[in-house]
Amino acid sequence: QVLSGDAAFATQNVFKRNANLRQKISIPTLRNNDEQHSIENIPRGGASSLPEKPGPLPTLRDFRKFAIPCLGLWVSGPLLSLVDTSFVGLSGDASMSAEMVAALGPATTFFDGATYLFAFLNVASTNLYSSARAQHGENSTSAESVVRTATRVSLLCGITLTCLLLKFSRPLLSLYIGHEASNQPNLLNWATEYVQIRALSMPTSLLLGVLQACLLGAKDSVTPLVAVAFATVVNIIGDYIGVTKLGLGLRGAAIATTLAQWASTVALLGPARQKLVQNHNLGILNNKHKKNRAKGSVTSLSFLQFALPVLVLILGKIAAFGFMTHSAAGLSGQPTTLAGHQIILSIFFFISPFLEVISQTAQTFLPPYFSPVREHIKNMRNSNASYDSKKDVAVKAWLSAAFKVSSRLLGIGLVVASFVTTLVSMIPAFFGNLITTDLVVQKSIKPLAKYLWVGAFLTAPVAVSEGVLLARRELPFLASVYLLSTIVLPFILIQIKRQNGLVSQIWGSFAAFQLFRAVCFAGRIWGGAAIEAIREKRKKVQD
């Protein structure tokens with residue numbers, strides 16, 4: 001029930017004293033003063049009422065301080081694959097280079113797809129950890145339980161996936177790239193060897209992902225970036241030695257990237273233990289905290305209950321890129337056709353992090369607005385069956401603040417997309433020699449530049465809207481859109497393959513896929529406000 005008068009005044013004083021006490025005993029974080037001030041206005045411990053207004057909205061400076069280091073994390077994965085592609089593409093003679101790049105295409109897409117399949121662990125870690133901090137405090141048992149649960153689940157998934165890739169990578173790759181591409185000399189052998197070597201890094205890769213996600217949920221994007229710096233240095237040096245100097249080709253590239261993943265995980269373990277759990281125990285080797293779980297702690301079951309619906313989203317994205325590569329591998333003109341597709345795909349994956357980082361920003365900054373509102377509404381409905389959240393002034397204020405933050409992030413995303421996509425799309429259009437020495441491949445990627453621009457630009461509204469909807473936990477809606485698009489897009493791509501179409505048709509279909517998602521997601525968030533604004537404008541005109 002909403003407090004008023006002396007009771008409300010006394011309650012506010014209690015919150016202030018508790019806030020001051022938390023500031024004195026809490027471990028220093030990378031949040032700035034504005035963020036600290038904002039977070040103190042968020043109710044803790046399941047209070048049944050909300051302050052009339054939330055704290056100050058995040059500023060552009062707050063977003064920038066979080067997003068720029070976070071960008072380094074998002075760029076690191078595609079950058080490692082792009083570095084591999086560049087070293088392999090620029091090494092050896094032109095014909096051998098084209099064949100290796102063609103093998104690298106399905107190999108990296110297949111492996112990255114297998115890794116990305118478990119990105120739902122990262123999404124769940126960020127959302128649940130950020131929400132737990134907002135509701136129960138940054139050093140609460142509930143927040144730490146998210147870290148330990150995510151750590152154990154990620155290691156179990158990583159070990160299982162490593163065994164599956166070592167055992168079944170060759171038949172799966174053969175099925176993945178199709179009969180025609182499989183008959184190309186050495187293509188399947190090279191792709192299989194690359195995947196099997198990189199499979200050895202899968203447990204540490206998934207562990208690295210959830211630790212980064214929890215740190216991001218704590219609005220610390222600098223610490224993970226330092227660890228990723230190790231991966232970048234190790235990968236570049238490894239590729240130079242293994243590919244350029246020793247001439248190991250794809251094998252050298254795979255070894256370099258695997259060592260880079262190991263180095264990054266080792267570098268992050270120490271800081272993560274210090275920043276995320278008070279006793280520096282991540283619960284990897286023992287689970288003694290399981291017996292002493294407090295109310296609100298996240299178990300493996302509750303973690304997966306949130307994470308698994310996100311898997312549908314991930315499968316939709318994997319299906320899109322997987323069927324694109326599968327269709328490109330089935331077209332005539334190999335290995336040039338597949339090599340050209342791989343280059344455009346690698347460039348797209350390099351552009352995406354500049355926009356996905358804004359989605360990550362939404363998933364970090366918005367749960368502190370939505371989580372207290374959800375808990376407030378739940379408690380009010382339990383105590384009053386006739387309660388109507390639409391008439392609650394406090395709820396309206398908090399949701400309005402969240403809407404403003406979401407709109408700011410969308411504007412930032414569109415500006416960033418306009419600049420980055422235009423700049424990077426010039427590489428295949430005019431500077432193909434920077435990515436491959438094969439003149440035929442350079443010529444084949446030029447007409448794909450415009451489709452790359454459209455698909456990449458539309459990633460901005462897709463990524464931002466997706467981040468907002470995840471923060472709002474509208475998982476059924478997200479899953480339904482991805483399920484529909486997953487049914488339609490592969491069917492179109494298979495038809496292009498059967499008719500022996502062009503790679504440009506594949507990328508044109510992808511641009512349409514992006515447009516469909518952008519309209520659905522953005523319409524869900526801003527459509528109602530836009531319709532209401534139009535109605536108000538018409539009403540004023542009529543008056």
Side-chain angles (χ1 to χ4, degrees), residues 81 85 88-90 92-113 170-195 249-250 318-349 425 427-429 432-433 435-455 488-513:
S81 294
T85 302
V88 172
L90 297 174
D93 59 84
S95 60
M96 183 65 70
S97 170
E99 290 183 2
M100 285 193 173
V101 170
L104 189 61
T108 55
T109 305
F110 180 83
F111 182 85
D112 291 343
R170 186 178 183 86
L172 289 175
L173 274 169
S174 178
L175 179 65
Y176 178 61
I177 64 179
H179 177 73
E180 182 176 345
S182 298
N183 291 332
Q184 294 294 319
N186 297 321
L187 192 149
L188 182 58
N189 293 334
W190 284 335
T192 301
E193 185 178 32
Y194 182 89
V195 169
L250 290 187
I318 293 176
F321 297 119
F323 273 95
M324 287 172 67
T325 300
H326 173 79
S327 299
L331 301 180
S332 59
Q334 301 296 344
T336 301
T337 304
L338 189 56
H341 166 76
Q342 164 61 19
I343 289 174
I344 297 299
L345 191 62
S346 295
I347 295 175
F348 175 82
F349 286 154
S425 295
I427 295 177
N433 60 304
I435 202 71
T436 179
T437 58
D438 192 305
L439 296 178
V440 178
V441 176
Q442 291 180 29
K443 184 178 179 180
S444 69
I445 62 178
K446 278 190 175 184
L448 302 179
K450 56 181 177 290
Y451 299 106
L452 171 65
W453 188 94
V454 174
V488 175
L489 181 63
F491 175 78
I492 296 174
L493 294 175
I494 293 298
Q495 293 302 313
I496 294 174
K497 174 187 173 183
R498 289 178 178 176
Q499 297 174 10
N500 196 26
L502 303 173
V503 179
S504 59
Q505 292 176 311
I506 293 176
W507 280 91
S509 300
F510 174 70
F513 168 73

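These numbers were taken from a predicted model, which means no experiment stands behind them. Along the sequence shown, residues carry numbers from 1.
The backbone N or O of Val441 lies less than 3.5 Å from a partner atom in the side chain of Ser444, making a donor-acceptor pair. The main-chain N or O of Leu331 is never found under 3.5 Å from a side-chain atom of Thr337 such that the two would form a donor-acceptor pair.
Looking at every heavy atom in both residues, Ser509 comes nearest to Leu493 through CB-CD2, 4.2 Å.
Applying the side chain to side chain contact (heavy atoms under 4.5 Å, CB included) rule to Thr325 yields the partners Pro106, Thr109, Tyr176, Leu338, His341, Leu345; only residues at least two apart in sequence or on another chain are considered. Every ring-ring contact (aromatic ring centres under 6.0 Å, His included) that Phe510 has, sequence neighbours left out, goes to Phe321, Phe348, Trp507. By the side chain to side chain contact (heavy atoms under 4.5 Å, CB included) test, Leu439 pairs with Gln442, sequence neighbours left out.
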For this session: Evaluate the side chain to side chain contact (heavy atoms under 4.5 Å, CB included) criterion for residues Phe323 and Leu489: first the C-alpha distance (whole Å), next the side-chain angles of each, then the deciding distance (0.1 Å), finally the verdict.
Result: CA-CA 8 Å; Phe323 273 95; Leu489 181 63; over 6 Å; no

Exercise. After noting the C-alpha distance and the side-chain angles of Ser327 and Ile496, does the key distance pass the side chain to side chain contact (heavy atoms under 4.5 Å, CB included) rule?
Worked result: CA-CA 7 Å; Ser327 299; Ile496 294 174; 5.6 Å; no

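Separating the CD atom in Glu193 from the CG atom in Leu250 is a distance of 8.0 Å, to the nearest 0.5 Å.
Between the side chains of Ser346 and Gln342, at least one donor N or O sits under 3.5 Å from an acceptor N or O.
In this structure the side chain of Leu452 reaches within 4.5 angstrom of the side chain of Pro428, judged on heavy atoms. Side-chain contact between Lys443 and Thr336: absent, with no pair of heavy atoms (C-beta onward) separated by less than 4.5 Å. The side-chain heavy atoms of Arg170 and Asn189, taken from C-beta on, include a pair separated by under 4.5 Å.
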